[in-house]
Amino acid sequence: MPANLPSPVILVHGGAGKAAPDLTELRRAGVQRAALAGWQVLIGGGSAVETVECAVRVLEDDPAFNAGRGACLNRDGEVELDASIMDGRTLAAGAVGAVQRIANPVTLARAVMGAGRHVLFVGEGARRFAAEAGIEECAPEALIAERQRARWAASREAKAGALGTVGAVARDREGHLAAATSTGGLPFKAPGRVGDSALIGCGTYADDRLGAASCTGDGEAIIKLVLAKSALDLLEAGREPMGTAKHAVELFTARTGADAGIILLDPRGRIGYARNTAQMTCAFILGDESAPQVVD
Ligand code: GLY
């Protein structure tokens with residue numbers, strides 16, 4: 001990487017929680033694939049926005065995660081997806097809530113961002129926007145993984161957290177930042193429920209002057225503390241990112257007692273990640289590296 005260019009960075013997460021051993025291995029492989037896909041975009045000169053969209057699409061296509069094709073089911077046994085994306089260069093942002101029949105909601109969120117006027121679409125309006133943007137619908141069954149169908153059938157009183165939400169933050173070769181997050185939300189959630197992953201400032205935030213963040217965990221609690229933006233505000237005070245991520249999660253835990261994890265990037269491309277759950281599988285590639293490092 002030429003010394004006069006900012007170092008590119010990609011950091012992805014596969015959700016806070018505790019996965020079964022077989023799923024843990026699948027998720028480790030999945031986050032590595034996503035980080036590598038994003039890295040190819042970065043070293044090809046792609047933007048941070050293109051990078052986080054690409055990485056999150058890989059995770060949405062992977063049934064090991066609670067997003068896209070592996071999303072958990074709501075109380076009615078249906079998939080409803082939330083996603084958001086933000087461009088740290090311009091503060092442009094796009095999001096969708098509780099959308100159905102969309103295999104890659106992060107791409108729909110990016111289309112919302114690209115259209116420019118509105119930030120968040122839900123329901124029938126989101127569906128019409130997708131059609132106008134040329135994003136094809138899929139059959140609802142195409143998004144239901146066998147594992148999630150069995151989980152739904154077995155746990156009608158499920159209280160489990162949003163294990164497996166996915167997200168990415170990146171810095172491109174021009175030094176611009178972006179963040180994206182995508183999820184199926186909480187297992188057995190009420191139809192129409194929208195969580196933090198669709199809300200700018202809560203599940204996702206990026207500002208070249210502050211940093212970029214993607215959150216995972218109990219969406220209702222994350223919304224109340226506006227976790228992504230709050231964590232970046234701590235960064236602005238001059239803290240380093242790893243300590244900031246830990247501090248943000250500690251504050252969150254003390255105030256809510258809920259489950260959460262966060263990944264962060266500061267404007268210099270330094271990374272941070274923290275969780276208060278047993279696991280949060282992450283992968284990252286920094287600077288001149290070409291192989292992802294994985295942490296649980
Ligand atoms: N953090 C994902 C959700 O609660 O929907």
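Note that this is a predicted model, so its numbers are computed, not measured. Counting convention: from 1, in listed order, for ligands and their atoms alike.
Atoms of ligand 1 lying under 4.0 Å from any heavy atom of S197, numbered from 1 in the order shown and given with element: 1 (N), 2 (C).
Separating the OG atom in S230 from the CG atom in L225 is a distance of 6.5 Å, to the nearest 0.5 Å.
The proximity of R193 to ligand 1, defined as any non-hydrogen pair under 4.0 Å, is limited to the side chain.
Between the side chains of S214 and H13, at least one donor N or O lies within less than 3.5 Å of an accepting N or O.
The heavy atom nearest to atom 1 (N) of ligand 1, out of those in V166, L199, D259, D196, is found in D196.
In terms of N/O distances under 3.5 Å, ligand 1 is not approached by I222. Taking any N or O of E220, backbone or side chain, none lies under 3.5 Å from an N or O belonging to ligand 1. The shortest N/O to N/O separation between G217 and ligand 1 falls below 3.5 Å.
Counting heavy atoms from C-beta on, the side chains of E220 and D196 never come closer than 4.5 Å.
Within 6.0 Å of CD on E136 lie no more than 12 heavy atoms contributed by other residues, nucleotides or ligands.
Looking only at distances, a side-chain donor or acceptor of E60 sits under 3.5 Å from a matching main-chain atom of V106.
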